[in-house]
There are 2 protein chains.
Amino acid sequence: MDINKTTGEILREKREEKGLLLRHVSAKLDIDTAILSKIERSERKASKEQILKLAEILDLNKDDLLIQYLSEKILYEIKDEELGSKALKAAERKIRYIKKNNSKD
Amino acid sequence: MDINKTTGEILREKREEKGLLLRHVSAKLDIDTAILSKIERSERKASKEQILKLAEILDLNKDDLLIQYLSEKILYEIKDEELGSKALKAAERKIRYIKKNNSKD
DNA sequence: AAGCAATTTGACTATATTTGTCAAACGGAT
DNA sequence: ATCCGTTTGACAAATATAGTCAAATTGCTT
């Protein structure tokens with residue numbers, strides 16, 4: 001799973017690889033084909049639940065797909081921000097700090 | 001500005017240091033004191049515009065406060081996620097990749 | 001080129017989330 | 001007991017998100 005593809009691209013490629021139609025997959029997700037089409041073209045974001053279901057349907061590694069999906073969500077938060085990279089680094093420092101101090105649980 | 005304080009804590013400390021009341025600051029922000037109170041206690045998120053105004057009002061470094069604020073937003077996206085740290089790292093890789101390929105502009 | 005299946009688009013609706021107001025309650029100082 | 005700053009929670013308005021549906025478009029295949 002290439003980190004520099006979008007989640008949508010990954011989903012579309014795997015779906016086509018398996019010879020499935022939007023119709024087939026969207027039925028299993030219980031949404032309209034239109035939405036799945038938009039998800040694959042990154043016009044809409046999937047929900048976490050949909051991502052997990054898609055991993056099952058398309059035989060993609062759940063953790064990998066979820067990481068891909070979450071990282072895209074993170075990027076979305078900072079996409080127009082000059083200071084985005086610095087914010088990311090700060091977030092890492094914070095998460096490390098939080099983890100350290102939660103080890104007391 | 002301590003990275004391991006919340007944005008709210010930073011704002012409250014600096015406001016109190018300057019001897020300002022919620023009333024004073026919220027008037028400049030043009031919101032109710034109730035909201036500012038909630039922002040300071042991390043019960044609500046400020047908007048980016050409010051953060052920038054707050055930096056001015058409280059004489060805080062704009063970039064530092066913005067980084068603080070954005071990193072908190074990022075953290076919020078992954079706070080309940082097992083795979084949060086991995087997603088953060090993936091986001092960094094992506095942003096590096098994007099920057100590399102945009103240098104053609 | 002016509003016909004047909006798959007996908008895309010866009011208008012629309014419903015629902016959820018966010019952002020704010022307001023008034024009442026709380027807490028500490030005098 | 002009153003005053004003043006802050007907090008709380010119910011409510012309303014505005015905005016964002018998720019979805020449906022039908023029509024338009026794309027791309028085969030004949």
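As the structure is a computational prediction, the values presented were derived from the model and not from experiment. Per chain, numbering begins at 1; letters A, B, ... match sequence-line order.
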For A:Ile98 and B:Leu75, run side-chain contact (heavy atoms from CB on, under 4.5 Å): C-alpha distance rounded to whole Å, both residues' side-chain angles, the deciding distance at 0.1 Å, then the answer. CA-CA 11 Å; A:Ile98 291 164; B:Leu75 236 48; 3.8 Å; yes
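- A:Thr6 approaches A:Ser42 most closely through the heavy-atom pair OG1-OG, 3.6 Å.
- The stretch residues 20-27 of chain B has no heavy atom under 4.0 Å from DNA chain C, so no residue of it qualifies as close.
- Residues B:Arg12 and B:Leu22 are in side-chain contact: their nearest non-hydrogen atoms beyond the backbone lie under 4.5 Å apart.
- Pairs passing the salt bridge (Lys or Arg N to Asp or Glu O under 4.0 Å) check and including a residue from residues 16-33 of chain B, sequence neighbours excluded, read B:Lys18-B:Asp59.
- Looking at every heavy atom in both residues, B:Val25 comes nearest to B:Arg15 through CG2-CD, 3.7 Å.
- Counting heavy atoms from C-beta on, the side chains of B:Ile31 and B:Gln50 come closer than 4.5 Å.
- With sequence neighbours excluded, the residues forming a salt bridge (Lys or Arg N to Asp or Glu O under 4.0 Å) with B:Glu13 are B:Lys5, listed by chain and number.
- Nucleotides of DNA chain C lying under 4.0 Å from heavy atoms of chain A occupy a range whose first and last members, 5' to 3', are C:dA6 to C:dG10.
- For B:Arg93, the side-chain contact (heavy atoms from CB on, under 4.5 Å) test picks out A:Ile3, B:Lys89, B:Ala90, B:Arg96, with sequence neighbours left out.
- Proximity of B:Leu58 to B:Ile10: side-chain heavy atoms (C-beta onward) are nowhere separated by under 4.5 Å.
- Geometrically, A:Lys79 engages A:Tyr76 in a cation-pi contact defined by less than 6.0 Å to the ring centre and at most 45° from the axis.
- For B:Ser71, the side-chain hydrogen bond (donor to acceptor under 3.5 Å, both in side chains) criterion is met by A:Lys94, not counting sequence neighbours.
- In the 5' to 3' direction, nucleotides of DNA chain D lying under 4.0 Å from heavy atoms of chain A begin and end at D:dA18 to D:dC21.
- Taking each heavy atom of B:Ile95 and A:Gly84 in turn, the nearest pair found is CD1-C, 4.4 Å.
- Remark: B:Lys48 engages A:Glu81 in a salt bridge (Lys or Arg N to Asp or Glu O under 4.0 Å) (not counting sequence neighbours).
- Near DNA chain C, defined here as any heavy-atom distance below 4.0 Å, there are no residues from residues 70-78 of chain A.
- B:Glu77 is linked by a salt bridge (Lys or Arg N to Asp or Glu O under 4.0 Å) to A:Lys73, counting only residues two or more places apart in sequence or in another chain.
- Listed by residue number, B:Ile31, B:Asp32, B:Ala34, B:Ile35, B:Arg44 are the residues of residues 30-44 of chain B with a heavy-atom contact under 4.0 Å to DNA chain C.
- As judged by a 4.0 angstrom heavy-atom cut-off over every strand, B:Gln50 is placed among residues touching the sugar-phosphate backbone only.
- Considering only residues two or more places apart in sequence or on other chains, A:Lys53 meets the salt bridge (Lys or Arg N to Asp or Glu O under 4.0 Å) condition with none of them.
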